[in-house]
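Inspection log for the structure reproduced underneath, given as structure tokens.
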Amino acid sequence: MTHVQLPDGSVKPYPVGTTPLTIAESIGPRLAKACLAAEVDGVIVDLQRPLPAAPPERPLQLKLLTERDPQALGVMRHSAAHVMARAVMRLYPGVGLAFGPTLAHGFYYDFDLADRIREEDFAKIEAEMARIIADAEPFERFELPRDEAMAFCADLNQALKVEHVQTGLADHPTLSFYRQGEFADLCRGPHIPDAGRIKAFKLLSVAGSHWKGNASGKPLQRLYGTAWFSAKDLAAYLAQMEESKRRDHRVLGKQHGLFHISHDVGPGLCLWLPKGATIRGILEDFIKAELLKRGYQPVYTPHIGRVEMYETSGHFPYYRDSQFAPLFGHPAGAFVDRWITQLETGELTPENERKYFEFADLLECRVPEYQLAAPREARLTALKAWQGQQERYLLKPMNCPHHVQIYKSQPRSYRDLPVRLAEFGTVYRHEQSGELNGMLRVRGLTQDDAHQFCTPEQVEEEFRQTVQLVQFVLGSLGLNEYRVQLSLRDPQSDKYVGSEENWQRAEQSLRHVLGELQLAFEERAGEAAFYGPKADFMVRDCIGREWQLGTVQLDYNLPERFQLEYIGADNRPHRPVMIHRAPFGSMERFVGVLIEHFAGAFPLWIAPEQARILPISEKMQDYAVRVEGQFRDAGFRVRSDLRPEKVGYKIREAQLELIPYMLVVGQREAEEGTVSVRDRIEGDLGSMPVAEALTRLTVEVKDRRIRQTAPPAEPVAPVEDALGEAHEY
RNA sequence: GCUAGCGUAGCUCAACGGUAGAGCUCCGGUUUUGUAAACCGGAGGUUGUGGGUUCGAUUCCCACCGCUAGCUCCA
């Protein structure tokens, strides 16, 4: 017998091998019909999956999943991926199947296919899918031992699946498959009972991908789709995608003159236009004031630094590929650099080496110690010695080494700690061209950076305060929904530096403080920086999209590498701990996210132009200018629209420019000393004395009030990790 | 960087082998205006760059630059 406990708490016995479906039927036919899958002890399974034995004192926890459960949505989408693959196989015979997992809002399937799938082809694939769904054939699970499974995949001509059974699933003695009509696929499942349960779906896009996500792996075509339990849900999702498009910061940034990326300056290099710069300046002032209150000290550091310093920090060797090339003082600098690299990797043939040697002379790079007959190590030493004597600078990819030098510039006592050095530091990173995206991913960015140097005992308190700062900062901008990701190292990987002990200590501290602050956080292995673990703030915007913004990182490593010290109470030198943190992340990215979050309609305290004075006719110009002066004197960013246009035209324009307040002034206002206030959200608020309007706006700024122009519809919720590692097979 | 698609006036788009067009913006004029668009006129282009095919290229081909989506990456 097995014992099953339902969500209402009741425990009932059933014969072993009973399926969730049978149980559902025993409860009621309507439920049985509505069920899509079941959750047994937290694991989602097929309705037809026999239940294992369980004693009455530890019954199986069974939850029957219907359309109301988000997990069921994930299961259905995975089935939709199978349906799509089946349709593609019918239309493109010989297609190879890779993986087809679910996503937060849909699914994809990777295909190995010589023909190019284009968006024009979607209609016919969707039509084929619709046929398959109309047939409503069941998904049937079956299992095979490894050898048979491999032979089965080979028979189906699915080479990638065979490879995956051999490699990724090497430790699985038996493998499961799902069959649906003529279509069978290696798959962990689970699936919905039959394809007829897919009520609304749509193919979204096609793009390239690689086998097993490896950039050098076999190129595949990835077909993206989404599926829902009702046409209404699908429509809501598509509407949200439209909304994302409407909020695109690149479009709004251009429209409202916030920033510009010029072909002539270079890709990924952001030009802040006056309005964008105003927004950034306000945010910077806001942070600076906050840092002052919290004991930070401002510093400024140069945009370049010696390569050797970044070799010490580890950034240069680790991130070489995504940095701008070093600036060499000697014309042969880059040449010698390549020479060294080739010598080190053994790529250099004796003949080429002779050429290098001759060419070096032409470039007036004289290395007398370099002997072609000498051992390789000696030749390398000679070249490196030459290189060491030359000027070699790096555009700074990180601020930390510079701040470390400031820490080191004087002896430090434990009484001085924590030392908190803050700088809006601009850094340059040569991001891959395909990664660039408006302000969200750029090659030159300014971090609202700071480095805190503290004693090991102070780490937790310092970390706590820093997390609270990030919370305060995000909250001030109306970004109140976020989750914290605790990014830890991948114990398998060798990309991390530093001792095991320090890593454990650092990870433990972060975990402890986050727990204490009662912050919901999830741990992610393999996401840490190479020098330490970090807490990343994943912020949800008003239409439900997540952005990684602020970050707080713990670092026991750089202090080690740079031999940082402070004198302790025992009068002996000790090693401090560093915290790297940036509440916004980068100004570029943060402002980009804010543009999308507010759809360009910034709250009054941030808006580049807070109010515009609109005289009814040219006769009221003098009064308009006088009012403008009064607002400007009170610290507002205002201007007057003195063009000889009708007021309706001026209002329309100001409204489209998302100016928070319009102050209409005509004959009446001029006589009474009032302004007619128009709010961009509420519309006409009527006339009021200038002083009253000033107070109104002043309060709104002081409270940093956030009023959305158009409160967006309830975001379509993502299905989180519905099937975990389902794509593994 | 990879795969695919795309680069036409300041912006949004049309023309797709045969003299490059519209709306908005901009400029000039008329109108002196009361809460989302007054009217008239004008200017604006080496069709991303460089080659090639052709009598003729914005259109077809190649290379480069850039943009977009996705992949990979993100200190």
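Residue numbers begin at 1 in each chain, while the letters A, B, ... track the order of the sequences.
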Is [N] paired to anything, Watson-Crick or G-U wobble with both distances less than 3.5 Å, and if yes, which nucleotide?
{"N": "B:rU19", "result": "none"}
{"N": "B:rU54", "result": "none"}
{"N": "B:rU30", "result": "B:rA38"}
{"N": "B:rG5", "result": "B:rC67"}
{"N": "B:rG45", "result": "none"}

For [X], answer base if it contacts any base atom (sugar-phosphate contacts may also be present), sugar-phosphate if it contacts only those atoms, and nothing otherwise; contact means non-hydrogen atoms under 4.0 Å.
{"X": "A:R222", "answer": "sugar-phosphate"}
{"X": "A:K619", "answer": "sugar-phosphate"}
{"X": "A:S322", "answer": "base"}
{"X": "A:E682", "answer": "nothing"}
{"X": "A:L436", "answer": "sugar-phosphate"}
{"X": "A:G666", "answer": "base"}
{"X": "A:Q323", "answer": "base"}
{"X": "A:V647", "answer": "sugar-phosphate"}
{"X": "A:Q667", "answer": "base"}

Selection from [options] that lies nearest to any side-chain heavy atom of [X]:
{"X": "A:Y319", "options": "B:rU33, B:rC71, B:rA75", "answer": "B:rA75"}
{"X": "A:Q432", "options": "B:rC71, B:rU33, B:rG1", "answer": "B:rG1"}
{"X": "A:I651", "options": "B:rA75, B:rA36, B:rU33", "answer": "B:rA36"}

Between [M] and [N], how far apart are the [atom1] atoms? Round to whole Å, please.
{"N": "B:rA20", "M": "B:rC16", "atom1": "C1'", "answer": "11 Å"}
{"N": "B:rU46", "M": "B:rC2", "atom1": "C1'", "answer": "34 Å"}
{"N": "B:rU47", "M": "B:rU59", "atom1": "C1'", "answer": "10 Å"}
{"N": "B:rC24", "M": "B:rG41", "atom1": "P", "answer": "12 Å"}
{"N": "B:rG50", "M": "B:rA57", "atom1": "C1'", "answer": "15 Å"}
{"N": "B:rU31", "M": "B:rA37", "atom1": "P", "answer": "22 Å"}
{"N": "B:rA15", "M": "B:rU54", "atom1": "P", "answer": "28 Å"}
{"N": "B:rG5", "M": "B:rA43", "atom1": "C1'", "answer": "35 Å"}

May I ask you to evaluate whether [X] reaches the phosphate of [N], defined as a side-chain N or O under 4.0 Å from OP1 or OP2?
{"X": "A:K534", "N": "B:rA75", "result": "yes"}
{"X": "A:N437", "N": "B:rA69", "result": "yes"}
{"X": "A:Y224", "N": "B:rC71", "result": "yes"}
{"X": "A:K254", "N": "B:rU12", "result": "yes"}
{"X": "A:R250", "N": "B:rU68", "result": "yes"}

Between [atom2] of [N] and [atom1] of [X], the distance in whole Å:
{"X": "A:H210", "N": "B:rU3", "atom1": "NE2", "atom2": "C1'", "answer": "7 Å"}
{"X": "A:E645", "N": "B:rG29", "atom1": "CD", "atom2": "P", "answer": "13 Å"}
{"X": "A:K245", "N": "B:rA69", "atom1": "NZ", "atom2": "C1'", "answer": "11 Å"}
{"X": "A:R429", "N": "B:rC73", "atom1": "CZ", "atom2": "P", "answer": "17 Å"}
{"X": "A:Q485", "N": "B:rC74", "atom1": "CD", "atom2": "P", "answer": "13 Å"}
{"X": "A:M241", "N": "B:rA69", "atom1": "CE", "atom2": "P", "answer": "12 Å"}
{"X": "A:F122", "N": "B:rA4", "atom1": "CZ", "atom2": "C1'", "answer": "11 Å"}
{"X": "A:D684", "N": "B:rG34", "atom1": "CG", "atom2": "C1'", "answer": "9 Å"}

Is [X] salt-bridged to [Y], going by a charged N under 4.0 Å from an acidic O?
{"X": "A:D684", "Y": "A:R678", "result": "no"}
{"X": "A:K650", "Y": "A:E653", "result": "no"}
{"X": "A:R639", "Y": "A:E609", "result": "yes"}
{"X": "A:E242", "Y": "A:K245", "result": "yes"}
{"X": "A:E311", "Y": "A:R561", "result": "no"}
{"X": "A:D321", "Y": "A:R429", "result": "no"}
{"X": "A:R612", "Y": "A:E657", "result": "yes"}
{"X": "A:E700", "Y": "A:R696", "result": "no"}
{"X": "A:D679", "Y": "A:R707", "result": "yes"}
{"X": "A:E527", "Y": "A:R489", "result": "no"}
{"X": "A:E596", "Y": "A:R545", "result": "yes"}

Do [X] and [Y] make the cut of ring centroids closer than 6.0 angstrom?
{"X": "A:F99", "Y": "A:W211", "value": "yes"}
{"X": "A:H105", "Y": "A:Y237", "value": "yes"}
{"X": "A:Y496", "Y": "A:F530", "value": "no"}
{"X": "A:F111", "Y": "A:Y109", "value": "yes"}

For every nucleotide of nucleotides 23-28 of chain B, 5' to 3': is a protein heavy atom under 4.0 Å from its base (B), only from its sugar-phosphate (S), or from neither (-)? --S---
By nearest nucleotide on RNA chain B, pick out whichever of A:P397 and A:D248 is the more 5' one. A:D248
Report the residue (A:M398 or A:G686) whose heavy-atom-nearest nucleotide on RNA chain B is the more 5′ of the two. A:G686
Within residues 523-532 of chain A, which residues have any heavy atom lying less than 4.0 Å from an atom of RNA chain B? A:A529, A:Y531
Any protein N or O atoms within reach of nucleotides 62-66 of chain B? Criterion: under 3.5 Å, listing atom names and distances.
from	atom 1	to	atom 2	distance (Å)
B:rC65	O2'	A:H263	NE2	2.7

Is any side-chain N or O of A:R441 under 3.5 Å from a base N or O of B:rC74, one able to act as donor and the other as acceptor? yes
Using a distance-only criterion (donor-acceptor N/O pair, under 3.5 Å, no hydrogens), is the base of B:rG70 paired with the side chain of A:Q221? no
Taking atom types as modelled, is there a side-chain donor on A:K212 or A:H164 under 3.5 Å from an acceptor on the other? yes
